[in-house]
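Working notes, beginning with the structure itself.
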Amino acid sequence: MSKLDSNLRNLTLEEIKVLKSQRCTADNWDFIFISPSLDLSNLVNVYFKGNVNIHSGVVMRNIPGGISGCSVKENVRIENVASIEFEDDSQFGVGTFVSVLDETGSRAIPIFPGLSSQIATLMSREPRWLQYNLKTSLKEFIDSKLTEAEIGENAVIKNSGSIKNVSIGPEIKIEGASHLENGSLINNAAPGKCFTYIGTGVDAQNFILEDGKLDSKSHVVNCYIGQGATIGSGFSAHDSLFFANCDMENGEAHSLLAGPYTVSMHKGTLLIGCQTSFMNAGSGTNQSNHMYKMGPIHWGVMERGVKTSSGSYLMLGAKIGAFSLLMGPHKTHPDSSEFPFSYLFGDDRGVTTIVPGLMLRSCGLLRDEAKWPSRDRRQKRSLPLYDHIIFEVLNPFTVETMLNAIDTIDELLSRPIEPIEDDFYIRYKGLKFTRAAAERAKSLYTLAISKYLNTVLRKLKFPDNDGERPDEWVDLGGLILTRKYLHMILNCETITEAEAIFNEAYQIYRQLELKWIGRRFGEWWRNRQDEIKAEARRLNEIIEEDRQDYLDMLSQESDMLSL
């Protein structure tokens, strides 16, 4: 490293004497370049190990282990830091491969500034796209995202241990970190609105923290922590990705692909080898990806909105349907993706009993849908929003799944009753459920579809059917998009092209949604306008009844616990 700014100059002999009198030392004073306006009295007890560029307004005090190889920008403040070192060949965490989902590395993806939940999900779920389509363009793309060996203007670093090969963006604060190595701290916010922060006791290696927070003795290795995400209270993460507005405390994560709004707040909670979004993990939630045969190669998917109760256990691989509640142990590798909004109960043998659609009665769904946008930490900071998020609980993906679930339930109910193990449960894809539960699910799914139509369509005027086949929808890391757009992206050979298509799909989501409604809903639905309105009202009434029941229960508890 050499002088990076033509406005900087070497120290004079008199200035060197001044610095020595302030207990500063250097391996070679010729490698120190300063701004002519720098106030040297603000440099006290600093060991300059190598080349350092120091701009105006900088304060550096008590760096006994040395500082080397970096440019310290305007108005940076560094106090009581063991050491700050930059090596010439470091990439500051950019390009680190993270073994997400599969711990063995078969789905490892590189991390870089600007990584979105959509790109990460596509790379890991479709590894051939990364291995083949992006093969020639990836290195050049990663090189274009490399960060600098610098400490950005107005940054603050205080009371911390060793910091090695960590690029630090403008306005970022590091207060009390234990050890940071090979990482990038990135601030994309408007001036004065920085969110990126590292707090007390943090130990981080091979990482990127971009518009997020690490605090309170958290420990991360091989991780990307994205916009609005916070990790603290001793949370430990290895080979994991955290996207918009995740909240992680106390527990552990290994090979976790945490899509937007994944929340885990309790001790003893282990999230491992799975994909999540809008998830809330109860205390003691546990997943297992190792069945002692071929190693930790198993992984699974928790579709958006899954909640887990205290002490729930899931043996992977498994796929849990959207907005479902997981309770107890589940060891039959269940696939409930065809039945969203369900309760899943695990018995003593780990067998999963499902009650399809029952979550649609819950008043909590409306609360969740309202709170997510209001808790978006990315807003009001003038950030470029990397993660595209569709917040609606009832959307083409969940509605299409419910429409198909009704057909599946009809087919299952048409089968003759065959008692198995002295019970009369219907069995399907590692699940079992009663005929009564299936019948009730049909009714609840129909009410929810009516509510969706009543909400989206003004005056229930259905769009015309243009005769085209309705496209399927997928949920890709929080973005609801058509499979047609997904196929377009899978044909891209650069990340830039893929992101452009993701952005287009997000921008025209409402148009695509209306086209899909016009194609997907036939005469049976179009001739039921009065019924649709009534069914939408009925679901609202059921949800209100649930809310009142909950409030009554709280009132009874309060009476019971009163003095």
Side-chain angles (χ1 to χ4, degrees), residues 94-95 97-98 100-102 106-145 208 210 224 226-227 241-244 257-260 274-278 299 301-304 319 322 337 384-392 395-401 468-516 519-520:
V94 177
F97 273 82
V98 174
V100 72
L101 296 182
D102 182 354
S106 68
R107 296 173 181 273
I109 72 168
I111 57 175
F112 52 84
L115 179 64
S116 71
S117 175
Q118 282 72 50
I119 288 293
T121 302
L122 195 61
M123 284 181 171
S124 57
R125 294 289 298 275
E126 297 286 342
R128 291 177 62 86
W129 183 64
L130 172 61
Q131 294 165 7
Y132 296 102
N133 289 55
L134 302 182
K135 183 177 181 180
T136 58
S137 65
L138 186 61
K139 185 182 184 305
E140 182 179 353
F141 178 81
I142 294 294
D143 288 346
S144 73
K145 295 290 184 176
I208 295 176
E210 185 162 18
Y224 175 88
Q227 296 181 308
L241 310 173
F242 303 91
F243 292 100
L257 175 49
C274 66
Q275 178 191 340
T276 63
S277 64
F278 301 95
W299 59 280
V301 175
M302 305 276 227
E303 292 186 344
R304 65 164 50 199
K319 191 175 185 181
S337 58
L385 302 185
Y386 297 137
D387 299 339
H388 298 302
I389 303 174
I390 301 298
F391 290 102
E392 286 82 2
N395 57 62
F397 173 71
T398 55
V399 170
E400 174 72 33
T401 307
E468 296 290 328
R469 183 176 180 177
D471 207 339
E472 296 180 17
W473 292 78
V474 294
D475 183 354
L476 203 67
L479 173 62
I480 308 297
L481 76 164
T482 64
R483 194 166 290 276
K484 177 182 177 181
Y485 269 88
L486 178 59
H487 288 157
M488 290 168 59
I489 295 164
L490 287 171
N491 287 322
C492 290
E493 295 185 349
T494 69
I495 292 174
T496 302
E497 292 172 351
E499 286 287 16
I501 298 176
F502 276 129
N503 186 62
E504 179 182 329
Y506 177 72
Q507 295 297 331
I508 65 171
Y509 166 74
R510 299 299 176 194
Q511 299 166 241
L512 296 174
E513 181 181 33
L514 291 175
K515 281 188 177 181
W516 173 76
R519 296 167 180 173
R520 183 63 175 86

So, taking the atom named [atom1] in [X] and the one named [atom2] in [Y], what distance separates them when rounded to the nearest 0.5 Å?
X    : Y    : atom1 : atom2 : answer
S124 : L257 : OG    : CG    : 4.5 Å
D471 : R469 : CG    : CZ    : 9.0 Å
R483 : L476 : CZ    : CG    : 10.0 Å
T401 : D475 : OG1   : CG    : 9.5 Å
Y386 : N503 : OH    : CG    : 13.0 Å
D387 : Q118 : CG    : CD    : 6.0 Å

Under a 4.5 Å cut-off applied to non-hydrogen side-chain atoms, are [X] and [Y] in contact?
X    : Y    : result
F141 : L134 : no
I495 : M123 : yes
Y224 : F112 : no
N395 : R304 : yes

Looking at every heavy atom in both W129 and L490, which two are closest together, and how far apart are they? CD1-O, 3.3 Å
Checking side-chain contact (heavy atoms from CB on, under 4.5 Å) for the pair F397/E303: CA distance, chi angles, key distance, verdict? CA-CA 11 Å; F397 173 71; E303 292 186 344; 3.9 Å; yes
Going by salt bridge (Lys or Arg N to Asp or Glu O under 4.0 Å), name the pairs with one or both residues in residues 488-516, residues two or more places apart or in two chains. E392-R510, R510-E513
